[in-house]
Amino acid sequence: MFGVVVVGIGIAGSVRIRDLLSPLQSTPSESLKLQSFVSRRDLGQYNGVKQISLEEALKSNEIDAAFICTENQNHEPSIRRFLEAGKHVLVEYPVALSAQTAHELWQLAEQKGKVLHVEHIELLTGEFNQLKKEVDGKELVEGVLHFTGGALDEQRFGFQSFSGIARITWLVDLFGNLTVTSASKEENEEEKYSKLTAHFTTADNR
């Protein structure tokens, strides 16, 4: 059994706790034992799971892995500390707010002999599977993928592309490697509105 701590009890963290408490039968998740959770809020317990401090989680011999479910800006320091403490790490996408930092974290995981896994389920959604069926057997000439979301706090969640980049994994899966040919950004601070437009080409210049 692998002892697990969940760090962060927002939407993602609460779902992690739910799933760890009720693992699917005959799956590897049955080998994960939820020991505790860490939160900035003083909750005491959540769904019968006890709260501990970050320092306790780092030092605990009962915890083999950490599930990082905090805001994006906190992913890097949390990952570093748990890897340095000799724990495996699963982190909600994105692993970090820059490619350089992400590479450094994977190098650290390799040095420590630990798994660093980024959880990113975009290719498993019903929405994407439906799109894949519609595209199958057709030749791409030109296309537009439009994605909308709420107002973005870049300091907490990263540059705007971090919201839309998940959809780029759709395009890569459907059409292969892409090259960015141009990008532009519109912004209206008063209306809390921004728009990022990126143009890509496929390997055969579609």
Side-chain angles (χ1 to χ4, degrees), residues 1-24 27-60 62-99 101-106 108-109 112 114-125 127-128 147 149-167 169:
M1 296 292 290
F2 262 60
V4 173
V5 63
V6 173
V7 182
I9 308 295
I11 295 175
S14 60
V15 169
R16 291 287 173 202
I17 288 180
R18 180 200 68 192
D19 291 347
L20 286 164
L21 291 174
S22 302
L24 292 173
T27 66
S29 58
E30 287 188 309
S31 298
L32 301 175
K33 182 179 181 182
L34 179 58
Q35 297 284 5
S36 49
F37 73 91
V38 173
S39 176
R40 291 175 301 188
R41 294 171 290 163
D42 185 11
L43 301 175
Q45 64 87 34
Y46 182 86
N47 283 4
V49 181
K50 68 178 178 179
Q51 180 174 4
I52 63 174
S53 70
L54 178 60
E55 293 300 326
E56 288 174 314
L58 292 166
K59 295 176 181 177
S60 175
E62 295 182 337
I63 293 173
D64 303 291
F67 284 18
I68 309 299
C69 308
T70 58
E71 295 168 345
N72 295 349
Q73 66 173 356
N74 293 326
H75 287 185
E76 176 197 348
S78 297
I79 292 169
R80 262 186 216 285
R81 295 195 68 182
F82 277 101
L83 288 176
E84 293 285 3
K87 315 292 186 186
H88 301 287
V89 176
L90 177 147
V91 60
E92 301 291 344
Y93 169 89
V95 63
L97 297 183
S98 76
T101 300
H103 287 299
E104 291 173 3
L105 293 173
W106 267 300
L108 177 60
K112 295 293 183 179
K114 298 301 173 183
V115 173
L116 171 56
H117 170 72
V118 184
E119 189 72 1
H120 192 33
I121 63 171
E122 283 292 328
L123 301 183
L124 304 178
T125 62
E127 190 179 8
F128 174 72
F147 170 63
L152 188 67
D153 184 335
E154 291 190 5
Q155 285 197 327
R156 293 167 61 198
F157 298 107
F159 184 65
Q160 193 172 20
S161 60
F162 276 95
S163 288
I165 203 168
R167 297 307 187 274
T169 62

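- Under the 3.5 Å distance criterion, the side-chain polar atoms of Gln35 are left unmatched by any main-chain donor or acceptor of Gly3.
- Using a 4.0 Å cut-off between charged side-chain N and carboxylate O, Lys50 and Glu56 make no salt bridge.
- Of all the heavy atoms in Ser29 and Pro23, the pair that sits closest is OG-CB, 3.5 Å.
- The nearest pair of heavy atoms linking Thr70 to Gly8 is CG2-CA, 4.1 Å.
- Look at Glu84 and Lys114 and you find no salt bridge, because none of the NZ, NE, NH1 or NH2 atoms lies under 4.0 Å from a carboxylate O.
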* Start with the C-alpha distance between Leu54 and Phe82, add both sets of side-chain angles, then the distance that settles side-chain contact (heavy atoms from CB on, under 4.5 Å), and finish with yes or no. => CA-CA 10 Å; Leu54 178 60; Phe82 277 101; 3.6 Å; yes
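- Using a 4.0 Å cut-off between charged side-chain N and carboxylate O, Glu62 and Lys33 make no salt bridge.
- Counting only distance, with no hydrogens or angles, the side chain of Glu76 and the backbone of Leu97 share no donor-acceptor pair below 3.5 Å.
- Contact of the Asp19 side chain with the Phe67 side chain is not registered, since no non-hydrogen atoms from C-beta on lie closer than 4.5 Å.
- Without hydrogens or angle criteria, Ser14 side chain to Ile11 main chain gives a donor-acceptor distance under 3.5 Å.
- Looking only at distances, no side-chain donor or acceptor of His117 sits under 3.5 Å from a matching main-chain atom of Leu90.
- Applying the side chain to side chain contact (heavy atoms under 4.5 Å, CB included) test between Ile68 and each of Val95, Val7, Val6 identifies Val7 as the sole match.
- Residues Val38 and Ser53 share a closest heavy-atom pair of CG2-O, 3.9 Å.
- Closest approach of Glu30 and Leu24 over heavy atoms only: CG-O, 3.4 Å.
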* Please step through side-chain contact (heavy atoms from CB on, under 4.5 Å) for the pair Val89 and Ser78, ending with a clear verdict. => CA-CA 9 Å; Val89 176; Ser78 297; over 6 Å; no
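- Smallest separation of non-hydrogen atoms from Phe37 and Val5: CA-CG2, 3.9 Å.
- With hydrogens and angles ignored, the 3.5 Å screen pairs a side-chain donor or acceptor of His75 with a backbone N or O of Glu92.
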